[in-house]
Amino acid sequence: MLKIYNTLARDKQEFVPIEPNKVGMYVCGMTVYDYCHLGHARVMVVFDMVYRWLKASGFDVNYVRNVTDIDDKIIRRAAENNESIYALTQRFIDAMHEDADALGVQRPDHEPRATQYVPEMLDMIARLEQNGLAYKAADGDVNFAVRKFDGYGKLSGKSLEDLRAGERVNVNDGKSDPLDFVLWKHAKEDEAAEVQWDSQWGRGRPGWHIECSAMGSKLLGPHFDIHGGGADLQFPHHENEIAQSEGAHQCSFVNYWMHNGFVNVDKEKMSKSLGNFFTIREVLKKYDAEVVRFFILRAHYRSPLNYSDAHLDDAKGALDRLYTSLKFSPSSGSGRTDLMDWNTPHAARFKAAMDDDFNTPEAMAVLFDLAAEVNRSQSVAAATQLKTLAGVLGLLQRDPVEFLQGGATVSGLDDAGINAQIEARTAAKQVRNFAEADRIRKELLEAGIVLEDSAAGTTWRRA
RNA sequence: GGCGAGAUAGCAAAAUGGUUAUGCAGCGGAUUGCAAAUCCGCCCAUCCCAGUUCGAUUCUGGGUCUCGCCUCCA
């Protein structure tokens, strides 16, 4: 029985899908005007893990992750670069796919772009207007009338009074209430034609929040199971999505709201505005993508995750241990979870952990226990189970030797050079010239190559 | 100021009203020419103060500290 921490309830709840065995899941994706950083990596990896576990649990999942390809920052960046927003966003969508693929993130079933759903958004705004929840302001923007919607604040736990008392809410002249948010932005004089659409309220472009409401209901229906995103989207974005969707369709919007924690740097949220971010591709120059994925899944998805080289090094060491245990039987495991017997002790423990609000750290502890078991028994069956369970997390699917020998080449040594050195050392060992053998081993170690002798011969890996 | 989350060993990170987390690091042993890897064993912990309880790291209250949201943010 799967339990999910529902932000709406502030508690773990048993997951009951609207339609038996089917799950509709929507996750807020990227705004594509720059490269993805590690914070984006966490959202992608975390919900990829959720997607995989739901599927492994037998659900037929319809996973939607949107792309925001129209907004102020995109328009500004495109203008700075003197290129079209389409060229800019396509470039960064391609880059995002490269990063996601590297991290082992499966493609969602749908990846809608905002600019392709403007008619749906306009339709939704019209419904809101008919329902008395939207109004056109003097400045030409169409706004959502927050105080006309009962229950505004139910997701974020904020009341309109509290928000109103906040010092940081800016008063906007066009809004009848400072907390109202924009649904449709009127076109500005200097804006390019490609960022303008016709509407019954005049030319303009959509506000940020409406795209997710419109695309979510179009692809998953007005009422669906799971909606996810970073914790920073809880307010105002997701709160506003609820207001728009429920206001337009007059029915419940989402049953389970999931929010992942941030990636921190020195205990502080990694963010664009603070400038303390590392892009995924930057990190991948230094660390294997699977190490990064392992690092992300090693913490519970709702906990903060502190980024540092030391922590990545630690994750590398831990993943090395798992791969090392599989070395004796490289081809073991089909990764077929449908063939998995979930009643065996390790699998049952793994399943219980994952069913408990996706407790990946506990699930990983099972992996390590299993690895120790594999090391002891050298059992192909145990190795197969390890690989299959890890596969549910998108880990451990590569050839162990390829993983252990992979990574950045610190020295100029290539495989042939390393093997030549190993042969020279073996020859020295055969004539019991251990001084020479140790010299070679030390030399390789300084180049980041660790040698391991066994009865079957000498193998190597990167430190 | 309002609202919320959290404080677990050297580091990272789960869980739990009484009994091994797990990984890395450290210590001892096995193994090895010596190592590495592996195995066996060990060390190291629950922010502070009260309360509930036979028993609290876990529940309750208070305190301290940290972080997040309230503005674009994953």
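A note on names: the letters A, B, ... follow the listed sequences, proteins ahead of strands, and every chain is numbered from 1. Worth saying up front: this structure is predicted, and the values here are computed from it rather than measured.
- With B:rU38, B:rC70, B:rC69 as the candidates, the nucleotide lying closest to the side chain of A:Arg321 is B:rU38.
- Side-chain nitrogen and oxygen atoms of A:Arg10 include none within less than 4.0 Å of the OP1 or OP2 phosphate oxygen of B:rA5.
- Across B:rG17 and B:rG55, the matching C1' atoms stand 8 Å from one another, rounded to whole Å.
- Phosphate contact (OP1/OP2 of B:rA37, side-chain N/O of A:Arg461, threshold under 4.0 Å): present.
- Cation-pi contact between A:Lys12 and A:Tyr5: absent, since separation from the ring centre below 6.0 Å together with deviation from the ring axis within 45° is not met.
- Within 6.0 Å of CZ in A:Arg432 there are 12 or fewer heavy atoms belonging to other residues, nucleotides or ligands.
- Across B:rA7 and B:rC27, the matching C1' atoms stand 29 Å from one another, rounded to whole Å.
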Distances for protein N/O vs nucleotides 31-34 of chain B N/O pairs under 3.5 angstrom?
{"from": "B:rG33", "atom 1": "N1", "to": "A:Asp438", "atom 2": "OD1", "distance (Å)": "3.0"}
{"from": "B:rG33", "atom 1": "N2", "to": "A:Asp438", "atom 2": "OD1", "distance (Å)": "3.4"}
{"from": "B:rG33", "atom 1": "N2", "to": "A:Asp438", "atom 2": "OD2", "distance (Å)": "2.6"}
{"from": "B:rC34", "atom 1": "O2", "to": "A:Arg441", "atom 2": "NH1", "distance (Å)": "3.4"}
{"from": "B:rC34", "atom 1": "O2", "to": "A:Arg441", "atom 2": "NH2", "distance (Å)": "2.3"}
{"from": "B:rC34", "atom 1": "N3", "to": "A:Arg441", "atom 2": "NH1", "distance (Å)": "2.8"}
{"from": "B:rC34", "atom 1": "N3", "to": "A:Arg441", "atom 2": "NH2", "distance (Å)": "3.4"}
{"from": "B:rC34", "atom 1": "N4", "to": "A:Asp453", "atom 2": "OD2", "distance (Å)": "3.3"}

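- When heavy atoms are screened at a 4.0 angstrom cut-off, A:Gly29 is found touching the sugar-phosphate backbone but no base atom.
- Between A:Arg302 and B:rG4 there is no side-chain polar atom (N or O) within less than 4.0 angstrom of OP1 or OP2.
- Rounded to whole Å, the distance from CG on A:Asn260 to P on B:rG4 is 21 Å.
- Note: NZ (A:Lys73) to C1' (B:rA74) measures 11 Å, nearest angstrom.
- A distance of about 16 Å separates the P atoms of B:rG61 and B:rC3, rounded to the whole Å.
- The separation of B:rU57 from B:rC47, taken at their C1' atoms, amounts to 11 Å, rounded to a whole angstrom.
- Comparing A:Ala318 and A:Thr324 along RNA chain B, the residue whose closest nucleotide (by nearest heavy atom) sits nearer the 5' end is A:Ala318.
- Using a 4.5 Å heavy-atom cutoff, the side chains of A:Arg441 and A:Val450 are not in contact.
- Side-chain contact annotation: A:Asn66 with A:Glu211, donor-acceptor N/O pair under 3.5 Å present.
- Pairs of residues two or more places apart, or lying in two chains, that qualify as ring pair (Phe, Tyr, Trp, His ring centres under 6.0 Å) and include a residue from residues 289-312 of chain A are A:Phe278-A:Tyr307.
- With hydrogens and angles left out, the side-chain atoms of A:Gln234 and A:Glu239 include no donor and acceptor closer than 3.5 Å.
- Between the side chains of A:Asp162 and A:Ser159, a donor-acceptor pair is found at a separation under 3.5 Å.
- Classified by interplanar angle (parallel below 30°, tilted 30° to 60°, perpendicular above 60°), the ring pair A:Tyr152/A:Phe235 is perpendicular.
- Atoms CG (A:Leu445) and P (B:rA37) sit 11 Å apart, rounded to a whole Å.
- Rounded to whole Å, the separation between the C1' atoms of B:rC48 and B:rA13 comes to 23 Å.
- Residue-level contact check: A:Ala365 touches the bases, meaning some heavy atom is under 4.0 Å from a base atom.
- Contact annotation for A:Leu233: backbone-only contact, meaning every heavy-atom pair under 4.0 Å involves sugar-phosphate atoms and none involves a base.
- As a whole-Å value, the separation of A:Asn264 CG from B:rU66 P is 15 Å.
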Between the protein and nucleotides 12-15 of chain B, are there any N/O to N/O pairs under 3.5 Å, and if so, what are the atom names and distances?
{"from": "B:rA14", "atom 1": "OP1", "to": "A:His300", "atom 2": "N", "distance (Å)": "2.7"}
{"from": "B:rA14", "atom 1": "OP1", "to": "A:Ser303", "atom 2": "OG", "distance (Å)": "3.1"}
{"from": "B:rA14", "atom 1": "O3'", "to": "A:Asn359", "atom 2": "ND2", "distance (Å)": "3.1"}
{"from": "B:rA14", "atom 1": "O2'", "to": "A:Glu362", "atom 2": "OE1", "distance (Å)": "3.4"}
{"from": "B:rA15", "atom 1": "OP1", "to": "A:Asn359", "atom 2": "ND2", "distance (Å)": "3.3"}

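- A:Val46 comes within contact range of no nucleotide atom at all, as no heavy-atom separation falls under 4.0 Å.
- Side-chain nitrogen and oxygen atoms of A:Lys272 include none within less than 4.0 Å of the OP1 or OP2 phosphate oxygen of B:rA74.
- Here A:Glu452 lies in heavy-atom contact (under 4.0 Å) with a base.
- OP1 or OP2 of B:rC40 lies within a sub-4.0 Å distance of a side-chain N or O belonging to A:Arg376.
- Looking at heavy-atom distances under 4.0 Å, A:Gly39 makes contact with a base.
- Contact of the A:Phe224 side chain with the A:Met25 side chain is not registered, since no non-hydrogen atoms from C-beta on lie closer than 4.5 Å.
- Whole-Å rounding puts the A:Met270 CE to B:rG68 P distance at 13 Å.
- Listed by first residue number, the stems of RNA chain B with at least three Watson-Crick or G-U pairs below 3.5 Å are B:1-7 with B:64-70, B:10-12 with B:22-24, B:26-30 with B:38-42, B:47-51 with B:59-63.
- For A:Glu423, the side-chain hydrogen bond (donor to acceptor under 3.5 Å, both in side chains) criterion is met by no residue, not counting sequence neighbours.
- Between the side chain of A:Asp177 and the main chain of A:Leu179, a donor-acceptor pair closer than 3.5 Å is present.
- For A:Ala299, the side chain to side chain contact (heavy atoms under 4.5 Å, CB included) partners two or more places apart in sequence, or in a different chain, are A:Arg42, A:Leu305.
- Atom P of nucleotide B:rG23 and atom CD1 of A:Ile296 are separated by 22 Å, given to the nearest angstrom.
- Within the nucleic acid shown, A:Asp369 comes within 4.0 Å of sugar-phosphate atoms alone, with no base atom in reach, counting heavy atoms only.
- Remark: C1' of B:rG2 and CZ of A:Phe235 are 12 Å apart, rounded to the nearest angstrom.
- Both tests hold for A:Lys272 against A:Phe277: distance to the six-membered ring centre under 6.0 Å, angle to the ring axis within 45°.
- Taking atom P in both B:rU16 and B:rU31, one finds a spacing of 41 Å when rounded to whole Å.
- When distances run from any side-chain atom of A:Asp162 to the nucleotides B:rA74, B:rG2, B:rA36, the shortest one goes to B:rG2.
- For A:Asp266 and A:Phe368, each mapped to the nucleotide of RNA chain B holding its nearest heavy atom, the one lying further toward the 5' end belongs to A:Phe368.
- B:rC43 sits 15 Å from B:rG29 when the C1' atoms are compared, rounded to a whole Å.
- Here, B:rU20 and B:rU46 have their C1' atoms 16 Å apart, quoted to the whole Å.
- No side-chain donor-acceptor contact under 3.5 Å links A:Ser325 and A:Asn375.
- At the heavy-atom level, A:Ala372 lies under 4.0 Å from the strands shown only through sugar-phosphate atoms.
- The residue A:Met44 sits apart from the nucleic acid: no heavy atom pair falls under 4.0 Å.
- In this structure, A:Glu239 atom CD and B:rG4 atom P are separated by 14 Å, rounded to whole Å.
- Cation-pi contact between A:Lys429 and A:Phe434: absent, since separation from the ring centre below 6.0 Å together with deviation from the ring axis within 45° is not met.
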